[in-house]
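In this chain, residues are counted from 1 in sequence order.
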Amino acid sequence: MSPLRRRTFLVLAGGLGSMAGSGVFAGRAAASVINGELLTSRIELPEPFSVPLPAAPFAKAVRQADGSDRFEVVQRAADVEILPGVRTRVWGFDGLFPGPVFTGQAGRPVVVSVRNELPVPTSMHLHGGVTPPDSDGYPTDLVVPAGWQHHDAMAGGHHDAPAAGRQLTELTKEYRYPLDQRAATLWYHDHRMDFTAPQVWRGLLGLFVVRDSAELALPLPSGERDLPLLICDRAFDEDGDFRYPSLDPELIDPPGVEDAYMAGVVGDVVLVNGAPWPELEVDAARYRLRLLNGSNARRYRLALRPGPRDGAAFTQIGSDAGLLAEPVELDAVPIAPGERYDVVVDFSAWPVGSTVTLVNTLGDGDTRWVMRFRVVREAADDSEVPARLADPDELSQDQAVAHRQFSFRRTRTSHGGHAWTINGESFDPETTLATTSLGSVERWRFISDVHHPVHLHLAHFQVVARGGGDPHPWDGGWKDTVDVRPKEPVDVLVRFRGYPGRYILHCHNLEHEDMAMMGNFQVE
Ligand code: C2O
Ligand code: CU
Ligand code: CU
């Protein structure tokens, strides 16, 4: 199959068209909110709120003499219990789903040695990391299983990124993360060319928390009241394994999904830290929730039901790339794939004995539920949300040395098919969409046909306008991913800080990404 052919989808009716027409989504409005096709589980699912929220497993670092922290992980298959009494085969970092939570200190480099014991190549990316290009998880910079090159050749060169910086490392690669950046809730996931979506779906994702002294000095909720919550949806097959509509279930060749799922794969089970609609007992006190949408394509609008006695449900304190200058009160948190929201919820605003449900107001049936908190006891609470949280740099328009526009849309190809493109181009490792200079600020405008969560590697940005007007209240702070909505251009000021080299921007709907909605930018 030629590279061009396999990155396009020929039948529009099987992609966006079927969404609007399927029984699940009533009409176009719903389709544009969900942006994907629902995959239904073929096994009995548990009642929501019947399993406990698993404590996030933290990875253990070994301190190195050179001032770095070293982690060693193995990517491997494992059978884990996600649905009660059911075994699910996952591909996980250390066999865990989701992977362990890594923690690092700003300014202290972290080295992660990744050993790939899976039958396919992988590429680990630290999302939100300010990382040199050789450790950034470029899609063709692969850690391959032993003997893969031979296999590759046999299969007729299906990985079509020949000369353009393609790197193959056998078995083990050391990723070096300088963490010369602010405290933030980052995450990591697989980034293999053409196969990111199925490999993340199988389990290659996890959180990476960066702390710094400025944040640690604040009286924010900490310890057990600092909760990383990785939210993602999945569907299950009759045998308990994850269901996913890959064209090749071996993930070798060809890449891609069945036509009906070209708009994105949406599951019918919402998992938090790997558990279906879990429940957690909490004190009547403030909690910091580090929310990550790690779903392939599903967008959520998170709210609490019932709402608090008074005040807003959420106090947003941080965005993708760290603390906001000042807290923002929100009744709901819209969160697109790849985005993080750092919020504080004060459970003393509900009577002891209450159940407080984290709901997804964009969901349907059981996907309206995310998890439930039970406020079980009064407790001392000396935490606070200070009126001033941080002093992040604020960019201004006049710093922008260039203006560029990137259009994320479906494009008709010469042979009658359609492709997900940026400025009309399908991803090609050899093509550069923008050349920028290290240290500079540019104003970028993203425009889209349907929902596309737009993400940049390396460079963080600030949203300065939406649809020509002011940004939403939840758009504040430094971000690396922004939900670009239909016909609502988003303007951002991007700062190219960090390292020179080749980086990518892409849609974080992972099915769109695999279908080449990705491009290079060069930092010089
Ligand atoms: Cu979440 Cu290219 O990344
Ligand atoms: Cu990223
Ligand atoms: Cu997209």
Side-chain angles (χ1 to χ4, degrees), residues 67-68 104-112 124-138 141 175-188 191 208-215 318-325 338-340 342 389-404 406 432-446 454-465 471 475-482 490-506 508 518-524:
S68 66
Q105 298 294 320
R108 186 180 166 91
V110 158
V111 175
V112 183
M124 178 183 181
H125 169 58
L126 177 60
H127 179 132
V130 178
T131 305
D134 56 346
S135 284
D136 195 47
Y138 192 81
D141 187 354
Y175 291 88
R176 192 173 172 86
Y177 304 121
L179 301 188
D180 183 9
Q181 57 189 109
R182 302 170 63 217
T185 305
L186 311 183
W187 66 300
Y188 61 94
H191 223 300
F208 193 122
V209 174
V210 181
R211 303 186 195 274
D212 66 18
S213 51
E215 190 186 285
S319 192
D320 299 333
L323 290 177
L324 305 178
E339 285 189 301
R340 284 88 69 211
D342 211 324
L389 291 161
D391 288 298
D393 297 340
E394 297 285 341
L395 301 181
S396 72
Q397 312 283 353
D398 47 350
Q399 286 172 273
V401 296
H403 288 215
R404 301 178 203 267
F406 299 88
T432 298
L433 297 184
T435 300
T436 67
S437 63
L438 191 61
S440 73
V441 173
E442 299 195 0
R443 185 180 173 115
W444 285 16
R445 168 169 293 180
F446 306 127
V454 173
H455 169 55
L456 268 63
H457 286 213
L458 180 80
H460 299 163
F461 53 78
Q462 294 178 343
V463 178
V464 292
D475 283 331
W478 281 93
K479 291 180 64 62
D480 56 53
T481 307
V482 64
V490 174
D491 293 336
V492 300
L493 290 171
V494 197
R495 182 166 64 185
F496 298 91
R497 201 198 132 247
Y499 308 90
R502 178 183 59 168
Y503 291 93
I504 48 178
L505 75 153
H506 61 85
H508 222 289
M518 179 150 69
N520 291 305
F521 65 91
Q522 188 74 30
V523 180
E524 293 189 332

Practice prompt. Could you label the plane-to-plane angle of the W187 and H508 rings as parallel, tilted or perpendicular, counting under 30° as parallel and over 60° as perpendicular?
Written response: tilted
Under 4.5 Å between any side-chain heavy atoms of [X] and [Y], yes or no?
X	Y	result
W478	L395	yes
D491	R443	yes
Y503	N520	no
H506	H455	yes
V130	Y177	no
Q397	V464	yes
L389	E215	no

Heavy-atom pair of closest approach, residues [X] and [Y]:
X	Y	value
F446	L505	CE2-CD1, 4.4 Å
V523	L458	CG2-CD2, 3.9 Å
S319	G476	OG-O, 3.2 Å
S396	Q399	N-OE1, 2.6 Å
A321	A184	C-CB, 3.6 Å
L324	P392	C-CG, 4.4 Å

Discussion item. Working note: F208 + V110, criterion side chain to side chain contact (heavy atoms under 4.5 Å, CB included); need CA distance, chi angles, decisive distance, verdict.
Written reply: CA-CA 11 Å; F208 193 122; V110 158; 4.0 Å; yes
Enter the distance from [X]:[atom1] to [Y]:[atom2] here, rounded to the nearest 0.5 Å.
X	Y	atom1	atom2	answer
D134	Y499	CG	OH	10.5 Å
F521	T435	CZ	OG1	10.5 Å
E524	S440	CD	OG	10.5 Å
T131	L126	OG1	CG	5.0 Å
M518	L433	CE	CG	11.0 Å
T185	R211	OG1	CZ	8.5 Å

Could you tell me whether [X] and [Y] make a salt bridge, using a distance below 4.0 angstrom between a side-chain N and a carboxylate O?
X	Y	value
D393	R495	yes
D480	R340	yes
R182	D212	no

Practice prompt. Go through the structure and list residues passing ring-ring contact (aromatic ring centres under 6.0 Å, His included) with Y175, not counting sequence neighbours.
Written response: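 ring-ring contact (aromatic ring centres under 6.0 Å, His included) list for Y175, sorted by chain: empty.
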Worksheet item: Between the side chain of S135 and the main-chain N/O of P132, is any donor-acceptor distance below 3.5 Å?
Response: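 Not a single qualifying donor-acceptor pair exists.
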Fill in: Short side-chain to backbone donor-acceptor contact, H460 and V494, under 3.5 Å
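No; zero donor-acceptor contacts below 3.5 Å.
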Worksheet entry | Any side-chain donor near an acceptor of the partner, H125 and H457, under 3.5 Å | yes
Practice prompt. Give the C-alpha distance, both sets of side-chain angles, the deciding distance and a yes or no for side chain to side chain contact (heavy atoms under 4.5 Å, CB included) between L186 and Q181.
Written response: CA-CA 11 Å; L186 311 183; Q181 57 189 109; 3.8 Å; yes
Discussion item. Applying salt bridge (Lys or Arg N to Asp or Glu O under 4.0 Å), can you list everything that pairs with E442, at least two apart in sequence or on another chain?
Written reply: R404
Worksheet entry | CZ (R497) with more than 12 external heavy atoms under 6.0 Å | yes
Worksheet item: Do H127 and H191 make the cut of ring centroids closer than 6.0 angstrom?
Response: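 No, the ring of H127 stays outside the 6.0 Å limit from the ring of H191, centre to centre.
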Worksheet item: Between F406 and W444, is a ring-ring contact (aromatic ring centres under 6.0 Å, His included) present by the stated rule, with each step listed?
Response: CA-CA 7 Å; F406 299 88; W444 285 16; 4.5 Å; yes
Item to complete: Before giving the answer on side chain to side chain contact (heavy atoms under 4.5 Å, CB included), spell out for E394 and Q462 the whole-Å C-alpha distance, their side-chain angles and the decisive distance to 0.1 Å.
Response: CA-CA 8 Å; E394 297 285 341; Q462 294 178 343; 4.1 Å; yes
Practice prompt. State whether Y138 and R502 meet the cation-pi test: NZ (Lys) or CZ (Arg) under 6.0 Å from the six-membered ring centroid, and within 45° of the perpendicular axis.
Written response: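 Yes, a cation-pi geometry.
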